[in-house]
**Q** 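Just passing along the structure, written as structure tokens.
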There are 2 protein chains.
Amino acid sequence: MPRASTTSDVFNAIAEPRRRQIIELLSQHRNLAVGAIVLSLGLPQPAVSKHLGVLREVGLVSVNKQGQSRVYELNHEQLRPVYDWVKTFERHWDRQLDRIRERAEKRALANTTQPDQSTDKTDQKEQS
Amino acid sequence: MPRASTTSDVFNAIAEPRRRQIIELLSQHRNLAVGAIVLSLGLPQPAVSKHLGVLREVGLVSVNKQGQSRVYELNHEQLRPVYDWVKTFERHWDRQLDRIRERAEKRALANTTQPDQSTDKTDQKEQS
DNA sequence: TTGACATATTCCCATATGGGAATATAATTG
DNA sequence: CAATTATATTCCCATATGGGAATATGTCAA
């Protein structure tokens, strides 16, 4: 099975850095024609139009015809699923002290079985 | 240019629904061996190991060797970039009243130059 | 009408994918 | 040692990708 389509959901749509840039732009300036986005991103126009097409398909933006230009607008509320999902982890970095203490405890427990001291293949992952 | 690697950043890593499920699991149960994740997701073990590899590479999870099993742990703080990014749009749906008030203010400002949709569509500068 | 401008669409391709299948590696037990 | 268990890795492939290039579509102006 290949990777899911970029238009399969908002999570896939915003995985593209350029599309996030477009979203940021549209959040600052309420309405933007494609040309303005092209200038701001420095991407070729077809590339921008394709990104906008993806954002359109997942409902993250809407278009309004205005003369010969298409003015895009952000539908902020479509970002809510992402916000709601990631918000559930908020508490874990909000109470860092608690977390660090917990980790220390766990480490002490896990240390009952002590790995290491061989030819060493892969070290365990490290994080902050 | 093809799509960016799933390991290029957290946004790409969490685009995969199964990886989000793994993250949720690891958030509920602090530590989980691969086998437990396999059971819970109902995915073949190699698939799970590959997803864990992606999450490992972007730093979203850490491993601890414990006997012959690998116990995974979520590094919540790595989700912060996503949270911070999407949080900037919070006001647009969370504080509707504020938002409406803001719009009114902006409108008052923008009213110095009055755009219209009939004859004039040349310079439609949008304020920041 | 023709021409200029703004945007979208199509075709192309190198690349990464997620899962299937098989295998490799590692640790425990007898 | 061999066998078992737990996990990771490799090879395979159909599929979607993002941008380049070219073109199509749509809209205004003269």
Side-chain angles (χ1 to χ4, degrees), chain A residues 1-9 11-22 31-39 41-58 61 63-72 113-125, chain B residues 1-9 11-22 31-39 41-58 61-72 117-124:
Chain A
M1 202 179 268
R3 214 205 288 214
S5 161
T6 56
T7 59
S8 58
D9 62 26
F11 286 90
N12 277 281
I14 68 169
E16 238 297 317
R18 265 66 181 258
R19 285 197 285 269
R20 288 202 300 281
Q21 285 184 36
I22 293 179
N31 303 281
L32 282 181
V34 178
I37 301 175
V38 168
L39 284 184
L41 294 206
L43 273 185
Q45 173 265 315
V48 172
S49 277
K50 283 180 226 168
H51 282 310
L52 287 170
V54 172
L55 295 176
R56 240 187 296 126
E57 206 166 331
V58 297
V61 299
V63 215
N64 282 317
K65 309 183 182 177
Q66 195 160 316
Q68 46 186 332
S69 37
R70 308 289 160 92
V71 177
Y72 279 81
T113 48
Q114 189 142 348
D116 193 354
Q117 135 204 109
S118 53
T119 33
D120 153 72
K121 204 143 219 108
T122 349
D123 261 12
Q124 63 270 38
K125 196 76 176 218
Chain B
M1 203 180 264
R3 214 204 290 213
S5 160
T6 56
T7 60
S8 57
D9 62 25
F11 286 90
N12 277 280
I14 68 168
E16 239 298 320
R18 264 65 179 258
R19 285 195 286 267
R20 288 202 300 280
Q21 285 184 36
I22 293 178
N31 303 281
L32 282 181
V34 178
I37 301 175
V38 168
L39 283 184
L41 293 206
L43 273 186
Q45 173 265 316
V48 171
S49 279
K50 284 181 227 168
H51 283 310
L52 286 170
V54 172
L55 295 177
R56 242 187 295 126
E57 206 165 332
V58 298
V61 299
S62 316
V63 214
N64 283 315
K65 309 181 181 179
Q66 196 161 315
Q68 47 186 335
S69 37
R70 308 290 158 93
V71 177
Y72 279 81
Q117 87 275 44
S118 48
T119 38
D120 176 285
K121 57 214 34 169
T122 44
D123 181 322
Q124 185 86 307

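In the text below, chain A, chain B and the rest are named by the order of the sequence lines, each starting its count at 1.
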**Q** Let's see if you can work this out: which of D/dG18, D/dT7, D/dA8 has an atom nearest to the side-chain heavy atoms of A/Glu16?
**A** D/dG18
**Q** Tell me what B/Ser49 touches on the nucleic acid: a base, only sugar-phosphate, or nothing, going by heavy atoms under 4.0 Å.
**A** base
**Q** Just so I know, are the side chains of B/Leu52 and B/Val63 near enough to count as touching, which here means a heavy-atom distance under 4.5 Å?
**A** no
**Q** Compare every heavy atom of A/Tyr72 with every heavy atom of A/Val34, then report the nearest pair and how far apart it is.
**A** CG2-CE1, 3.5 Å
**Q** Side chains of A/Glu16 and A/Thr6: does their closest heavy-atom pair fall under 4.5 Å?
**A** no
**Q** Choosing from D/dA6, C/dG19, D/dA8, which nucleotide comes nearest the side chain of B/Tyr72?
**A** D/dA8
**Q** When the nearest nucleotide of DNA chain D is assigned to A/Met1 and to A/Pro46 on a heavy-atom basis, which residue is associated with the more 5' position?
**A** A/Met1
**Q** Write down the atom of B/Leu43, the atom of B/His51, and the distance for their closest heavy-atom approach.
**A** CD1-CD2, 4.2 Å
**Q** In whole angstrom, what separates B/His51's NE2 from C/dT17's C1'?
**A** 10 Å
**Q** Closer to the 5' end of DNA chain C via nearest nucleotide, is it A/Pro2 or A/Val48?
**A** A/Val48
**Q** Mind checking if B/Ala4 touches a base, just sugar-phosphate, or nothing, with heavy atoms under 4.0 Å?
**A** nothing
**Q** Let's see if you can work this out: which of D/dG18, D/dG26, C/dA22 has an atom nearest to the side-chain heavy atoms of A/Arg70?
**A** D/dG26
**Q** Under 4.0 Å from OP1 or OP2 of D/dG19: is there any side-chain N or O of A/Arg18 that close?
**A** yes
**Q** State whether A/Ser5 places a side-chain N or O below 4.0 Å from either non-bridging phosphate oxygen (OP1 or OP2) of D/dT17.
**A** yes
**Q** Side chain of A/Arg3 only, please: which of C/dG18, D/dT9, D/dG19 is the nearest?
**A** C/dG18
**Q** Which nucleotide in the set C/dT7, D/dT9, D/dA8 lies at the smallest distance from any side-chain heavy atom of B/Lys50?
**A** D/dT9
**Q** Using whole Å, what does the distance between atom C1' of nucleotide D/dA21 and atom CG of A/Leu43 come to?
**A** 15 Å
**Q** Picking from D/dA21, D/dG18, D/dA8, which would you name as closest to the side chain of A/Thr6?
**A** D/dG18
**Q** For a quick test of reading the model, state the closest non-hydrogen atom pair linking B/Asn12 to B/Ser5 and the distance between them.
**A** CB-O, 3.5 Å
**Q** At 4.0 Å (heavy atoms only), tell me whether B/Pro44 reaches a base, stays on the sugar-phosphate, or touches nothing.
**A** sugar-phosphate
**Q** In terms of side-chain heavy atoms of B/Gln68, which of D/dG19, D/dA16, C/dA26 is nearest?
**A** C/dA26
**Q** Whole angstroms only, please: what is the CG-P distance between A/Asn31 and C/dT7?
**A** 13 Å
**Q** Among C/dT7, C/dA21, C/dT28, which nucleotide has an atom closest to any side-chain atom of A/Ser69?
**A** C/dT7
**Q** Can you figure out which of C/dT9, C/dG18, D/dA8 approaches the side chain of B/Val34 most closely?
**A** D/dA8
**Q** Roughly how many Å is it from CD1 in B/Ile37 to P in D/dA6, rounded to a whole number?
**A** 14 Å
**Q** State, to 0.1 Å, how close B/Arg56 and B/Val61 come at their nearest heavy-atom pair, and which atoms those are.
**A** N-CG2, 3.6 Å
**Q** Tell me: CD of B/Gln45 to C1' of D/dT10, nearest whole Å?
**A** 13 Å
**Q** I need the NZ-P distance between B/Lys65 and C/dT28, as an integer number of Å.
**A** 11 Å
**Q** Starting at atom CG of B/Leu39, determine the distance to atom P of D/dT5, rounded to an integer number of angstrom.
**A** 14 Å
**Q** Starting at atom CG of B/Leu52, determine the distance to atom C1' of D/dT9, rounded to an integer number of angstrom.
**A** 14 Å
